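Note that this is a predicted model, so its numbers are computed, not measured. Worth knowing before you read on, the calculation uses all heavy atoms, side chains too, and leaves out hydrogens, waters and symmetry mates.
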Amino acid sequence: MYGWHLRILRVNLTTRKVTMEDVDPKIARDYLGGRGWAIHYLYKEMDPRADALSPENMLIFATGPLTATPAPTGNRYMVVTKSPLTGALAHSNSGGEFPTWMKRTGFDMFIFEGKASEPVYLFVNEDQVEVRSAAHVWGKDTHETTDILKGETSQEARVACIGQAGENLALMAAIMNDKHRAAARSGVGAVMGSKNLKAVVAMGNKNPPLHDPEGMRTLSVNTSKEVGADVKKGSNMRIYGTSYVPQVTNTLGILPTRNFLQGTFEGVDKIDGDALKDQYLIRHTPCYRCPLSCGRLTEVPDGPYKGKGEGPEYETISSLGTGCGVSDLAALLKANYLCNEYGMDTITTGMTIAVAMEMYEKGYISEEIIGMPLKFGDHDAMIAMVKLMAFREGFGNDLAQGSFRLAEKYGHPELAVTTRKQEFPGYDPRGSQGMGLLYATSNKGASHMEGDVAYEEVFGVPVKENPHTTEGKPELVRHFENSFALMDSSGLCVFVAIRYAFNKDRMILPLRVTEMMNLTTGAEYTPEEVMIAADRVYTLERMFLIKAGSGPEYDTLPYRMLHEPLPDGPAKGMVVKLDEMLPEFYKLRGWDEKGYPTQEKLMELELPLN
Amino acid sequence: MMIRVKLIANYREALPPEAKNGVVELDVPQGTTIYDAISRFDIPLNDESVIVLNGITVDMSTPLKEGDMVTAFSAIAGG
Ligand code: SF4
């Protein structure tokens with residue numbers, strides 16, 4: 001076999017025993033790689049009911065067959081584990097350079113089990129695998145940790161690590177790689193912290209052999225040229241990264257504002273991509289082998305918010321910015337930098353502060369408890385909360401549990417805008433109905449990256465779809481969920497793949513993804529087969545959720561989305577009409593009317609029947 | 001009648017200098033359609049662009065009313 005190494009590195013942190021295992025080629029093919037392989041192992045080997053922060057949880061780093069190949073944006077990996085935030089599955093995607101370096105160690109996947117008795121990091125240089133003490137970097141932020149560990153191993157190595165938030169088991173802790181890139185969501189950093197695993201340092205030269213290197217090179221060059229031609233025409237993703245999106249969602253009235261009390265934000269011009277470009281942008285920063293280069297290095301050169309780093313992404317602007325009613329761009333950047341340094345998911349961080357702000361303003365949480373006033377728009381208080389949260393100090397200990405547990409503790413769970421206890425990303429589903437169904441059913445709780453139908457409902461990519469209607473959405477959401485499971489399994493970045501590696505039908509088809517997978521692995525997939533494999537991955541994840549106790553009863557939306565109409569903007573008066581979509585969605589998925597996969601469906605996908 | 005046109009992100013370059021925060025006010029005759037208003041600007045009118053009236057997707061031949069806001073952005077490479 002090609003493309004995949006078919007090798008896994010398994011590290012038992014309790015015993016410090018390291019084993020190298022082969023992967024069954026049939027499993028490799030049937031589960032694609034990355035996210036697919038990871039759920040296969042997780043489902044087979046761990047009890048889904050285990051406490052996510054206990055040694056029984058498994059933490060998996062998984063690359064895909066296209067990672068470390070010439071494929072443009074073949075630079076991704078997935079972190080897959082049981083989430084301490086949601087109790088469901090966590091699968092968080094990241095790019096940068098670490099994933100490519102990880103695959104060059106000669107392993108497709110690292111599996112961590114157990115818990116180290118003291119802080120450690122893993123160093124892998126091909127077959128040299130060492131569990132080393134991390135006592136000297138424990139307590140340090142992600143940037144310092146990265147510098148120190150590269151200094152003592154090799155400047156050729158790449159580092160994925162947690163910051164203080166992960167060490168302190170804050171439930172929004174991320175795993176940062178290459179300092180600025182994040183496997184952000186669902187508290188994966190807290191799982192790493194619970195295992196006393198501070199970092200993973202990877203290097204090597206074992207590029208996976210390709211089935212048809214010449215064919216792969218030609219297809220990759222041609223794809224890069226297509227991206228390059230669009231970049232030349234003036235692609236917003238190149239000029240602005242995702243920071244241009246607040247203007248789009250504000251126009252459509254679905255920009256989360258003040259904990260979703262509104263769908264438009266009066267201060268949007270102060271924190272959008274143009275404001276950023278004009279004031280703080282230094283240069284664009286690509287992930288490895290990316291012709292689009294959507295990342296941005298920014299700097300606030302002086303003043304109280306002095307700092308430097310990458311970002312903000314749209315999702316950061318819509319959470320720490322508009323979500324909190326904050327329109328001070330320098331302060332927003334500072335909060336973003338801190339999240340990267342402490343290692344925190346900006347979405348959950350921002351939206352948890354947002355619900356605290358609403359509860360403060362409504363008098364449900366006092367100034368005494370918080371330690372200061374916490375009004376919407378108070379950017380200094382917002383920054384103070386980020387710090388408290390990372391260290392779980394004072395009120396920060398409540399914040400570190402995420403918005404659902406916070407709102408519940410203070411008697412108003414209905415104010416938390418979450419599904420499966422995970423905070424919504426930056427598309428208010430009341431004005432984007434398909435996103436509502438996606439959030440309600442996503443295997444990882446509310447997430448756009450689970451099947452981002454906003455591509456069609458918001459951006460018209462590849463086909464324009466009316467965001468206000470429910471008709472046809474179950475089919476679209478199901479198809480996008482499977483397509484994203486495919487991308488997450490392949491090792492490609494969604495931003496480029498969806499535009500250049502699928503066809504341009506409403507039901508996007510992975511024609512070029514399949515071609516790339518075949519040139520890489522020689523697996524001779526058809527596009528239909530890879531979509532069936534993606535469905536297999538998605539359905540097995542659903543089985544994990546059901547066993548974990550996060551089953552169909554959680555396929556719903558928070559009160560605000562179902563019962564409080566948007567008060568402003570073009571989607572004024574709308575709520576999510578979930579009951580118009582959910583039954584049809586279950587049916588299309590081959591699940592019974594209660595939301596459980598049927599035996600026929602499991603058999604069709606060759607999945608375990610229990 | 002007065003209408004407003006807002007161009008987002010890379011389309012802003014097509015705006016006249018008096019535009020503020022990407023928005024320009026235009027005095028147009030009754031019966032002016034979305035298409036008429038937007039064709040005054042040098043932006044592509046094809047699959048790469050999304051054009052909405054007051055935040056809602058409508059037919060390009062829809063006539064405008066006083067106070068309407070037409071917004072356009074490029075969907076190229078998505079978000
Ligand atoms: S499009 Fe952006 S996130 Fe994706 S690989 Fe390129 S630089 Fe990284």
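Summarising the geometry of Ser243(A) relative to Arg296(A), their closest heavy-atom pair is CB-NH1, 3.7 Å, with the distance given to 0.1 Å.
With a 4.5 Å cut-off on side-chain heavy atoms, Met60(B) and Ile51(B) count as touching. Here the side chains of Tyr280(A) and Leu329(A) are in contact, with some heavy-atom distance below 4.5 Å.
At a 4.5 Å heavy-atom cutoff, Asn466(A) makes no contact with chain B through either its backbone or its side chain. Using a 4.5 Å cut-off between heavy atoms, Val50(B) contacts chain A through both its backbone and its side chain. Contact annotation for Ile239(A): only side-chain heavy atoms (C-beta onward) come within less than 4.5 Å of a heavy atom of chain B. Only the side chain of Asp272(A) has a heavy atom closer than 4.5 Å to any heavy atom of chain B. Residue His448(A): no heavy atom, backbone or side chain, is found under 4.5 Å from chain B. When heavy atoms are compared at a cutoff of 4.5 Å, Val458(A) approaches chain B solely by way of its backbone atoms N, CA, C and O.
Between the side chain of Arg512(A) and the main chain of Phe502(A), no donor-acceptor pair closer than 3.5 Å is present.
With rounding to the nearest 0.5 angstrom, the CZ atom of Phe495(A) is 11.0 Å from the CE atom of Met487(A).
Ranked by heavy-atom pairs shorter than 4.5 Å toward chain B, the options Leu252(A), Asp269(A), Val231(A) are led by Asp269(A).
Ion pair Lys233(A)/Glu48(B) flagged as a salt bridge, since at least one NZ, NE, NH1 or NH2 atom sits closer than 4.0 Å to an Asp/Glu carboxylate oxygen.
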